[in-house]
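Written below as structure tokens is the structure these notes are about.
Both ligands and their constituent atoms are indexed starting at 1 by order of listing. Excluded from the calculations below are hydrogen atoms, water molecules and symmetry mates; all remaining heavy atoms, backbone and side chain alike, are included.
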Amino acid sequence: MSLFIVPKFLVKADGTPGERNPATCGKIEEKMGIHGNSTCVMNYDGAKGWLLGEEHKGMRAMFTMMNEARLGVGMQGLAQAEVAYQNALIYAKDRLQGRAVTGAENPSGPADPLIVHPDIRRSLMDQKSFVEGARAFILWGATLIDRAHRSGDAAADGIVSLLTPVIKGFLTDRGFDMTIQAQQIYGGHGYIEEWGMSQFARDARIAMIYEGANGVQALDLVGRKLAQDGGKHVMAFFEMVRSFLKENEGDEALKADFLDPLKAASKDLQAAGMFFMQNGMKNPNAALAGSYDFMHLFGHVCLGLMWARSAKAAQAALAAGTADPGFYKAKLVTGRYYMARHLPMTATHLARIQSGSDVVMSLPAEAF
Ligand SMILES: Cc1cc2nc3c(=O)[nH]c(=O)nc-3n(C[C@H](O)[C@H](O)[C@H](O)COP(=O)(O)OP(=O)(O)OC[C@H]3O[C@@H](n4cnc5c(N)ncnc54)[C@H](O)[C@@H]3O)c2cc1C
């Protein structure tokens with residue numbers, strides 16, 4: 001594939017716009033969401049284009065834009081979940097429905113606010129611990145990019161390259177799930193346009209599809225990125241987790257709630273990588289049937305690492321004395337939730353990966 005630049009007007013020798021190039025919009029697409037963005041069919045009927053870069057090197061050239069765009073779309077997954085969560089939180093404090101099982105918390109009112117109910121709390125904690133962990137993950141990714149671009153740090157560049165499909169795929173999948181959870185907090189109102197939550201649900205859906213559908217991100221991760229440069233970037237990632245655990249092994253306050261779960265999750269990730277190494281060469285289906293689970297397993301380990309680091313920083317701030325102890329205490333509580341309630345998913349993903357490809361592939365296509 002080659003890349004071309006096709007201007008709307010053919011440029012005259014003096015640099016001013018000349019004849020109209022027949023590059024035209026054929027149709028504005030009717031979409032499920034993102035209505036503020038006019039996606040269209042473009043027609044190039046006899047239009048003139050100029051080769052950009054080398055012939056047959058278009059894919060590689062386009063990836064300069066694609067990699068940046070994938071990080072941007074990962075950010076979209078997080079941002080959509082964040083705004084949905086913020087709305088859900090306001091609603092959960094405002095809407096009166098039912099009574100707390102442990103006794104009325106708003107006795108003078110006709111009912112208690114939704115936020116008193118454990119299942120609503122569970123959902124809000126799911127969302128809060130995801131968005132804050134994901135924010136740290138995105139910020140870490142951005143710092144690695146800065147290091148790669150501003151100081152030529154090749155190791156940082158390698159880790160970003162490895163993590164790009166994880167940032168895109170995991171954050172948009174989980175971002176969508178969290179947006180749906182936020183919509184659910186509204187009950188029936190979540191389904192009514194006036195409240196705005198259905199728009200978030202529709203808008204969040206595209207991030208899982210464009211800039212390469214998430215299944216293709218998983219394929220990129222397992223098929224290309226794991227083995228890139230002899231697997232040195234994934235080894236560097238494991239080393240980063242290992243050294244964090246080692247540096248903090250004496251920290252009893254972090255151990256049970258943060259370090260032990262991170263260690264277990266990281267072991268699951270290594271076991272999955274090992275499974276691919278042992279089985280993927282002789283049977284590529286074995287690796288690719290587990291690629292989606294691997295992308296999620298990796299995403300959880302990244303967020304687990306972010307939460308363990310955040311917990312360490314929060315503990316240090318509280319020990320040093322801070323003007324805002326509530327903020328850091330909330331970080332510790334929220335991080336503990338992620339480690340206890342989200343991170344155990346790594347074991348499920350590993351079991352699915354280790355079940356191999358037979359269970360996935362053995363039904364012949366015509367039997368579906
Ligand atoms: C609103 C919107 C805006 C867009 N904007 C742009 C734009 O500005 N520029 C642009 O170039 N494109 C744009 N696109 C296109 C978009 O990037 C693609 O639709 C997207 O990358 C998915 O590719 P596809 O539609 O060809 O799906 P396909 O590649 O056909 O994929 C279909 C399904 O099959 C899976 N799949 C495909 N191949 C494999 C494989 N080898 N192994 C496993 N699973 C596989 C995918 O995960 C997916 O679930 C836009 C699309 C939309 C909907």
Side-chain angles (χ1 to χ4, degrees), residues 1-8 23-44 47 49 51-53 56-77 79-80 164-177 179 198-228 272 276 279-280 283-299 349 352-353 355-363 365 368:
M1 269 200 265
S2 303
L3 192 62
F4 296 89
I5 183 159
V6 184
K8 186 171 178 181
T24 53
C25 167
K27 176 180 177 262
I28 304 269
E29 301 285 12
E30 298 283 343
K31 302 196 295 286
M32 175 182 172
I34 58 165
H35 295 305
N37 172 300
S38 49
T39 307
C40 52
V41 175
M42 290 298 295
N43 294 326
Y44 300 94
L51 183 67
L52 203 60
H56 306 312
K57 298 274 170 67
M59 199 69 182
R60 195 194 291 171
M62 196 185 67
F63 261 94
T64 310
M65 178 280 289
M66 283 280 286
N67 279 332
E68 193 180 316
R70 286 200 275 169
L71 296 168
V73 174
M75 178 69 144
Q76 191 182 349
Q80 200 69 72
T164 298
V166 181
I167 291 176
K168 198 283 185 181
F170 179 71
L171 294 190
T172 59
D173 273 3
R174 299 299 290 147
F176 178 73
D177 294 346
T179 304
S198 52
Q199 183 187 333
F200 295 150
R202 287 194 307 274
D203 288 353
R205 189 67 183 82
I206 186 59
M208 299 155 75
I209 298 172
Y210 63 10
E211 296 310 338
N214 284 356
V216 171
Q217 304 297 326
L219 183 69
D220 177 43
L221 176 66
V222 171
R224 281 182 62 230
K225 298 296 176 62
L226 274 188
Q228 200 176 29
F276 293 153
N279 299 281
N283 177 14
N285 278 346
L288 297 186
S291 58
Y292 213 88
D293 281 282
F294 188 77
M295 179 174 77
H296 276 256
L297 206 173
F298 213 144
H349 289 304
R352 284 165 59 98
I353 291 166
S355 74
S357 61
D358 279 359
V359 282
V360 177
M361 300 299 285
S362 53
L363 194 67
F368 277 84

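The aromatic rings of F298 and F294 lie perpendicular to each other, with more than 60° between the two planes, well past the 30° mark. Using cut-offs of 30° and 60° for the angle between ring planes, the H296 and H349 rings count as tilted.
Using a 4.5 Å heavy-atom cutoff, the side chains of I206 and K31 are not in contact. Side-chain contact between I34 and Y210 is present, with heavy atoms from C-beta onward closer than 4.5 Å.
Scanning the protein for heavy atoms near atom 53 (C) of ligand 1, the closest one is I206 CD1, 3.5 Å. Of the protein's non-hydrogen atoms, the one nearest atom 49 (O) of ligand 1 is A213 CB, 4.1 Å.
Ligand 1 places these atoms under 4.0 Å from at least one heavy atom of Y210: 2 (C), 3 (C). Listed by number with element, the atoms of ligand 1 under 4.0 angstrom from any heavy atom of K31 are 1 (C). Atoms of ligand 1 found under 4.0 Å from any heavy atom of G212, numbered from 1 in the order shown, are 21 (O). Every atom of ligand 1 is numbered from 1 in the order shown, and the set under 4.0 Å from a heavy atom of E211 is 17 (O). Using a 4.0 Å cut-off to heavy atoms of L219, the atoms of ligand 1 that qualify are 40 (C), 41 (N), 42 (N).
Distances from atom 3 (C) of ligand 1 to the heavy atoms of L288, N214, V73, T39 show the closest one on T39. Considering D220, V216, I209, I34 only, the shortest heavy-atom separation from atom 39 (C) of ligand 1 involves V216.
For atom 17 (O) of ligand 1, a protein non-hydrogen atom is found at a distance below 4.0 Å. In this structure, atom 1 (C) of ligand 1 has a protein heavy-atom contact shorter than 4.0 Å. At a distance under 4.0 Å, no protein heavy atom can be found next to atom 34 (O) of ligand 1. Distance screen at 4.0 Å: atom 47 (O) of ligand 1 has a protein heavy-atom neighbour inside the cut-off. For atom 10 (C) of ligand 1, the nearest protein heavy atom is 4.0 Å or more away. Distance check on atom 41 (N) of ligand 1: some protein heavy atom falls below the 4.0 Å cut-off.
The pair D220-R70 counts as a salt bridge, with a side-chain nitrogen and a carboxylate oxygen less than 4.0 angstrom apart.
Here the side chain of Q80 pairs no donor or acceptor atom with the backbone of F176 at under 3.5 angstrom. Formation of a donor-acceptor pair under 3.5 Å by the K225 side chain with backbone atoms of T164 is not found in this model.
Separating the CG atom in D203 from the OG1 atom in T179 is a distance of 9.5 Å, to the nearest 0.5 Å. Put simply, OG1 on T24 and OH on Y44 are 9.0 Å apart, with the number rounded to the nearest 0.5 Å.
Between V360 and A289, the closest heavy-atom pair is CG2-CB, 4.0 Å.
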